[in-house]
Amino acid sequence: MSTVSKPKPLPFPYTFAAGAIAGCTELLCLYPLDTIKTRMQLETGKGQHGIVGMLREIVAKEGAARLYRGIIPPLMLEAPKRAIKFAANSYWGNTFTNGGAQPMTQSLAIITGCAAGATESFVVTPFELVKIRLQDKASTYTSPSDVIKKTIAKDGPLGLYNGMEATFWRHVTWNGGYFGTIFTIKGLMPKAESKSGELFNNFVSGAIGGAVGTMLNTPFDVVKSRIQMHSTGEWTFPALARIVREEGAGALYKGFAPKVLRLAPGGGVLLLVVEALSTVFRKTLGPPYI
């Protein structure tokens, strides 16, 4: 009885390249929605701008270029961040399935995604802090280096890790929801009969995964943005309770609309580009990667 061997995992440089290109593509296309999301999250009180209202206010008062302010830190981060996201997911998946000896299940896919998110959070926190402080409406920082210099002068080097715990929860919940949902949706969709069908399946499953991850992690993202902006030093769950008490439960989903509008299609773009590039790399490398 013949057995079909599974393709060997791609070497790290190829996984890194696929994740980096996918992340930069998604970021450049959808970054203005991230700026709008951050502004909405930093608004306190029970009133809130809508997406269109916030967009109009930023463009009218600060100019359209302001929508891309703070993009340098996340753009610099995209290569290692997305590479770590997919490489860590591959590593943990390989670990939890005993090198592929056990089948991947939805539960394992969720656990794998959570572990990848935890790994990713340690890398992204300083970049997120710089981005948030540049995106704020009242920001007086002149550049990413200005944020770093003033933060270290005030709080020391560890000040760049303000909001680390909230960032951890944000990435654990998003990645767990994202990769767990992709596993489920791919299993429910008809098997692709063509290359275009495969690309369609990847985009749809990635987009739904991005939407689910966003629904799960938005409250943690709200808390993270505020902790990093104001250096409150709060722990995540007490901060969640305080926001609900002072502003109502709806405040935990401030910025949800622009966030999901970015990360739902963005999740699709990420998976589509990663899978497409991985296929190209496998064909280039040949056996045993095919």
Side-chain angles (χ1 to χ4, degrees), residues 1-27 77-124 171-172 174-210 213 266-290:
M1 180 177 176
S2 62
T3 59
V4 178
S5 60
K6 291 177 64 177
K8 187 176 178 181
L10 283 171
F12 176 77
Y14 293 90
T15 306
F16 185 97
I21 295 168
C24 290
T25 302
E26 184 267 342
L27 182 71
L77 176 64
E78 278 311 302
K81 176 182 174 182
R82 299 308 184 186
I84 287 169
K85 179 189 293 294
F86 288 96
N89 189 70
S90 176
Y91 169 80
W92 289 114
N94 197 47
T95 300
F96 294 144
T97 60
N98 234 357
Q102 298 174 12
M104 178 62 74
T105 64
Q106 186 187 34
S107 297
L108 279 179
I110 293 171
I111 293 169
T112 296
C114 289
T119 306
E120 184 184 11
S121 68
F122 288 96
V123 177
V124 306
H171 285 270
V172 164
W174 198 89
N175 281 271
Y178 180 65
F179 287 111
T181 300
I182 286 171
F183 179 86
T184 300
I185 298 300
K186 279 190 170 183
L188 294 173
M189 296 182 78
K191 185 172 176 59
E193 300 294 335
S194 64
K195 187 61 184 174
S196 60
E198 185 181 340
L199 292 174
F200 175 78
N201 284 2
N202 284 333
F203 181 81
V204 170
S205 58
I208 296 174
V269 170
L270 280 174
L271 188 63
L272 190 153
V273 175
V274 165
E275 293 287 351
L277 287 173
S278 296
T279 299
V280 172
F281 292 153
R282 289 183 183 281
K283 288 181 178 177
T284 301
L285 291 169
Y289 298 102
I290 297 178

* Would you say the side chains of Ser107 and Thr105 form a donor-acceptor pair under 3.5 Å? -> no
* To do: Verify the distance criterion only: is there a donor paired with an acceptor across the side chains of Thr184 and Gln106 at less than 3.5 Å?
  => yes
* To do: Please assess Thr284 against Tyr289 for the test side chain to side chain contact (heavy atoms under 4.5 Å, CB included), listing each intermediate value before the final yes or no.
  => CA-CA 9 Å; Thr284 301; Tyr289 298 102; over 6 Å; no
* What do the steps show when you test His171 against Val124 for side chain to side chain contact (heavy atoms under 4.5 Å, CB included), and what is the final call? -> CA-CA 10 Å; His171 285 270; Val124 306; 3.3 Å; yes
Tell me the closest heavy-atom pair linking [X] and [Y], and the distance in Å.
X	Y	value
Tyr14	Phe281	O-CE1, 3.4 Å
Tyr178	Gly206	CE1-O, 3.4 Å
Ala192	Gly197	CB-C, 3.5 Å
Gly210	Trp174	O-NE1, 3.7 Å

* The single option from Phe179, Trp92, Phe96 passing side chain to side chain contact (heavy atoms under 4.5 Å, CB included) against Leu108 -> Phe96
* To do: Could you point out which residue of Lys191, Lys186, Met189 forms a side chain to side chain contact (heavy atoms under 4.5 Å, CB included) with Asn201?
  => Met189
* Exam field: side chain Ser121 to backbone Ala118, donor-acceptor pair closer than 3.5 Å -> yes
* Show your reasoning for whether side chain to side chain contact (heavy atoms under 4.5 Å, CB included) applies to Thr112 and Met104. => CA-CA 10 Å; Thr112 296; Met104 178 62 74; 4.1 Å; yes
Within this structure, what is the [atom1]-[atom2] distance for the pair [X] and [Y], rounded to the nearest 0.5 Å?
X	Y	atom1	atom2	value
Leu270	Thr25	CG	OG1	9.0 Å
Glu120	Asn89	CD	CG	10.5 Å
Leu10	Leu285	CG	CG	6.5 Å
Ile290	Lys283	CD1	NZ	8.0 Å

Identify all side-chain donor-acceptor contacts of residues 271-279 below 3.5 Å with residues at least two apart in sequence or on another chain.
{"unit_1": "Ser278", "atom_1": "OG", "unit_2": "Val274", "atom_2": "O", "d": "2.7"}
{"unit_1": "Thr279", "atom_1": "OG1", "unit_2": "Glu275", "atom_2": "O", "d": "3.0"}

* Does Phe203 CZ have over 12 foreign heavy atoms under 6.0 Å away? -> yes
* Structure fact -> Those residues at least two apart in sequence (or on a different chain) that pass side-chain contact (heavy atoms from CB on, under 4.5 Å) with Ser90 are none
